[in-house]
Amino acid sequence: MSQDIRDSEGVPTSEYSDTVKALSSGLLEIYEPTLNEVKGSLKELLDKQYEMQATIATEKLTYISQDVQQINEMINKAKLYREKAVRIKNQMHQIHQRAKSLRAKALDMQELKVNQCASKLQQLHYEESLVASIKKVPGKKS
């Protein structure tokens, strides 16, 4: 029941199969070690690539978290500086109000002193005029 399969030229294919097997094994002997080396190198390269990707991802997360931390620190500093600026502004406003009040009191005191001096001077002039008028009226003696 064995039936020979023949090709288009009438040669049995079993003869070709032995030749094909011999050629295939020869080609495999030539190229298989090189292909195995390439396969090993490719596997090693892929492993290193995955390792590098993991390292880069970790570094990226580290830098991102550091950046976020720095931004938070800057925001906190900005809040503190704003609070200080508001406090200083309020203190300056209070000092300005005190200075304004003291200036007003000083002007009032100066005006009071001027009025007192004017009043004393007027009193002095009045007394001098009385003394002068008494000296002018010589006939009356008490």
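Values in this document were obtained by computation on a predicted structure and should not be read as measured data.
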With rounding to the nearest 0.5 Å, note down the distance linking [atom1] in [X] to [atom2] in [Y].
X	Y	atom1	atom2	answer
M74	K77	CE	NZ	9.0 Å
K89	R82	NZ	CZ	9.0 Å
D108	N115	CG	CG	10.5 Å
L23	L28	CG	CG	11.0 Å
K79	K84	NZ	NZ	15.5 Å
D67	T62	CG	OG1	10.5 Å

side-chain contact (heavy atoms from CB on, under 4.5 Å) between E83 and L80: does it pass, once the steps are laid out? CA-CA 5 Å; E83 289 173 5; L80 285 174; 4.2 Å; yes
Is it true that Q70 and Q66 share a donor-acceptor pair across their side chains at a distance under 3.5 Å? no
Tell me whether Y126 is reachable from I134 by hopping between hydrophobic residues (I, L, V, M, F, W, Y) whose side-chain heavy atoms are closer than 4.5 Å. no
For residues I30 and T34, report the shortest heavy-atom separation together with the two atoms involved. O-OG1, 4.1 Å
Report the C-alpha separation of L124 and K120 in whole Å, then their side-chain angles, then the decisive distance to 0.1 Å, and conclude whether the side-chain contact (heavy atoms from CB on, under 4.5 Å) test is met. CA-CA 6 Å; L124 233 153; K120 282 184 183 180; 5.8 Å; no
Could you tell me whether the side chain of E32 reaches within less than 4.5 Å of the side chain of L35, counting heavy atoms only? no
Under 3.5 Å, side chain of S25 to main-chain N/O of K21, donor-acceptor pair present? yes
Between the side chain of T58 and the main-chain N/O of A54, is any donor-acceptor distance below 3.5 Å? yes
Can you check side-chain contact (heavy atoms from CB on, under 4.5 Å) on Q49 and L46, steps first, answer last? CA-CA 5 Å; Q49 183 181 5; L46 287 173; 3.6 Å; yes
Would you indicate whether Q122, at its atom CD, is surrounded by more than 12 heavy atoms from other residues, nucleotides or ligands within a distance under 6.0 Å? no
Please evaluate residues K48 and E44 with respect to the criterion salt bridge (Lys or Arg N to Asp or Glu O under 4.0 Å), reporting the C-alpha separation (whole Å), side-chain torsions for both, the decisive distance (0.1 Å), and the verdict. CA-CA 6 Å; K48 286 183 180 180; E44 182 182 339; 3.3 Å; yes
